[in-house]
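Predicted model only: the values in this text are computed from it and were never measured. Just so we're on the same page: letters track the sequence lines, and every chain starts at 1.
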There are 2 protein chains.
Amino acid sequence: MADRRSATIKDVAAAAGVGIATVSRVFSGTGAVADATRERVLAAARELDYRPSALGRGLKLRRSGGIGLIVPDVTDPFCAELVAGVLACARTLGGHVIVDAAHGDPEREAEIVDRFVEQRVDGIIARPAGETADWRAAARVCSSVVFADRILPGLAEIPTVLADDAGGVRSLAEYLVGLGHRRIAFLGAAAPGGEPGVRERAFRDTLERLGVPAEDDLVVAARPARDAAYAAAAGLLQRRADVTAVVAAEHLLGEAAVLVARELDLRVPADVSIAMVDDVPWAELCDPPLTAVARPGRDIGYRACELLLREPARRGRGGPVRLPTELVVRGSCGALRAGRR
Amino acid sequence: MADRRSATIKDVAAAAGVGIATVSRVFSGTGAVADATRERVLAAARELDYRPSALGRGLKLRRSGGIGLIVPDVTDPFCAELVAGVLACARTLGGHVIVDAAHGDPEREAEIVDRFVEQRVDGIIARPAGETADWRAAARVCSSVVFADRILPGLAEIPTVLADDAGGVRSLAEYLVGLGHRRIAFLGAAAPGGEPGVRERAFRDTLERLGVPAEDDLVVAARPARDAAYAAAAGLLQRRADVTAVVAAEHLLGEAAVLVARELDLRVPADVSIAMVDDVPWAELCDPPLTAVARPGRDIGYRACELLLREPARRGRGGPVRLPTELVVRGSCGALRAGRR
DNA sequence: GTGAAAGCGCTAACAG
DNA sequence: CTGTTAGCGCTTTCAC
């Protein structure tokens, strides 16, 4: 009880009067051990407060049993869901998760990957910031890699789990057009958030398909930061007072739109309809509650982890896994009536 | 390049024509190595794509260089901030962070602690769910423990970093009384969120000090879940139509209050003022924007990590570290006018 | 400065 | 069924 350092397998073996291999068998669940012996070992272990060392085991097995997870920012609601999904899956599969945030910086991301490799993680899940990190080497040397929520152009061979962002934006656009809107603006992310350009392309394609002009002037891109988002939204709404609806490609942009509309004394949805991608928890707290496309962050994380740990075979076959989104209609979009604004 | 298994220190030593000890010295920064030799080693390592194994090093050093972090739920905004703070600090100190969520379940928490001990983490930071886990053993056997945002009655000797919740609630109460409110309700958490009862006590004390009656009937407790929070808020506001202000002890309760007020067609703040603890990102998106007490989640995490890794000496001395909160006044509280409601 | 050797705690043959 | 043995990759005396 007052041992300076914790008991080892050797101590337990001695105390139980067995060989260390037997103790190992008891704790690793490998091989067969007589019930009586097992009891004796367990008793000795309990007595000594023995904890098998994952370090020793890991060294022998040359894997740590952990997985590395890289997200841009753990405080982003979507990322947090992603993390939660990975944790949930890892738990059922008996692995632990090392988490780190790259904050969109490819250099930093590369460092994190390096560190994960040193830790000999069993695999890495990342919402990648860029191609600086040596993903291929990471996947090859000691672990496999799965991307989540973002596909990297040059690394198509890395298995990936995505939300069907295109489908989400499409349903948003169809919904607004269905309400009668014709001058619909799109607030997109400049540095890609999701497959680069996918959302914007889906927006344009859908409008075109429905015979609504997608004016270039109504499609703006902002850096994914609070101030930039606000600036973009304000610029748009002031420049084009005739827009009747805006689609925001991510929650920061949606928030900016709400704030700007309030600032400009535009009523939502009477003066302008607002809808966005990402059904953050506060969407229903807004007044009016915000119509949004829910992306399954948790499922993406869970699935990515499953892919990594459980289905190494199926990885990457047939392109990225794409999970469905869901349009959640609330009160922030209204039917267009003639003569508005 | 096509090695089946990654290069070891031995491979590098051979390739560089030196002993493994020298390679070790180069990579661990220990001891002195001639510049020429170092270059040779580095070159060989680069050639072989060598990554020192944290497993081997950890085994030798009997510590993994990582820390374990336990929160109730990574998707909770406050917890997410806490995690971000720990990550930030760990990064500067060169450690990695294993994260897991206990979801308020002491059993699960105990399992996580066990697992962390097996991993031989250098320390554990927890927003503890309960006393089931053997915190003392964890602190003794192989790592130290620091609590964050919650103090455990029976474990006062564990160093702890807290927000000044009492101060936060006090400022909220003072603010509302200052606006003229006299019938102020308190929505508290039944299962403790923060030091048990601290917020409620601060609320009652403050009112009393200011000569305002704190009616028991106006102080209600809800389980920290969405539905329970809503039920509690609805019950309160319907039962006592005469309350003019409500203080919510955490963001779930504040949100519930907002929703219920809207449901009941109460205008905020004209009919009822609402303020809450926890300045979540969407507080300013509400209409009207919510007055709230900001708790420094990130700082708490950072400080806890610092305490764990950098200042083992100062730990626990002089009671818990208590970080200040800040009252953020927005538009959800108004001055009481005679004859309201 | 540098190398040889002895483990750190554990698992996996291989004998018995 | 169980014990013995040989490492897994690294750090660290201790000589040279």
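- Along DNA chain D, read 5' to 3', the first and last nucleotides having any atom under 4.0 Å from a heavy atom of chain A are dC1(D) to dG9(D).
- Without hydrogens or angle criteria, Arg51(B) side chain to Glu118(A) main chain gives no donor-acceptor distance under 3.5 Å.
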With the criterion being N/O to N/O and under 3.5 Å, what pairs connect the protein with nucleotides 11-14 of chain C, and how long is each?
| unit_1 | atom_1 | unit_2 | atom_2 | d |
| --- | --- | --- | --- | --- |
| dT11(C) | OP1 | Arg57(A) | NE | 3.3 |
| dT11(C) | OP1 | Arg57(A) | NH2 | 3.3 |
| dT11(C) | OP2 | Ser24(A) | OG | 2.6 |
| dT11(C) | O2 | Lys60(A) | NZ | 3.4 |

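- In this structure, Thr37(B) reaches the dT2(C) phosphate: one of its side-chain N or O atoms is under 4.0 Å from OP1 or OP2.
- Annotation: side chain of Glu109(A) is not in contact with side chain of Thr132(A) (no heavy-atom distance under 4.5 Å).
- With Ser28(A) contributing its side chain and Ser24(A) its backbone, the two residues share a donor-acceptor pair below 3.5 Å.
- Side-chain atoms of Arg40(A) come within 3.5 Å of backbone atoms of Ala16(A) as a donor-acceptor pair (strictly under, hydrogens ignored).
- In this structure, Asp11(A) places its CG atom 13 Å from C1' of dC8(C), rounding to the nearest Å.
- Between Asp122(B) and Ser64(B), some side-chain heavy-atom pair lies under the 4.5 Å cut-off.
- Look at CG on Leu55(A): it is 9 Å from C1' on dC8(C), rounded to the nearest Å.
- Gly29(B) comes within contact range of no nucleotide atom at all, as no heavy-atom separation falls under 4.0 Å.
- At least one side-chain heavy atom of Leu308(B) sits less than 4.5 Å from a side-chain heavy atom of Ile125(B).
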If you look only at distance, which donor and acceptor atoms sit under 3.5 Å apart when one is on a side chain in residues 94-103 of chain A and the other is two or more places apart or in another chain?
| unit_1 | atom_1 | unit_2 | atom_2 | d |
| --- | --- | --- | --- | --- |
| His96(A) | ND1 | Arg115(B) | NH2 | 3.4 |
| His96(A) | ND1 | Gln119(B) | NE2 | 3.2 |

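- Counting all heavy atoms, side chain and backbone alike, Pro72(A) lies closest to Arg127(A) at CD-CG, 3.4 Å.
- The phosphate of dG3(C) has OP1 or OP2 within less than 4.0 Å of a side-chain N or O from Thr22(B).
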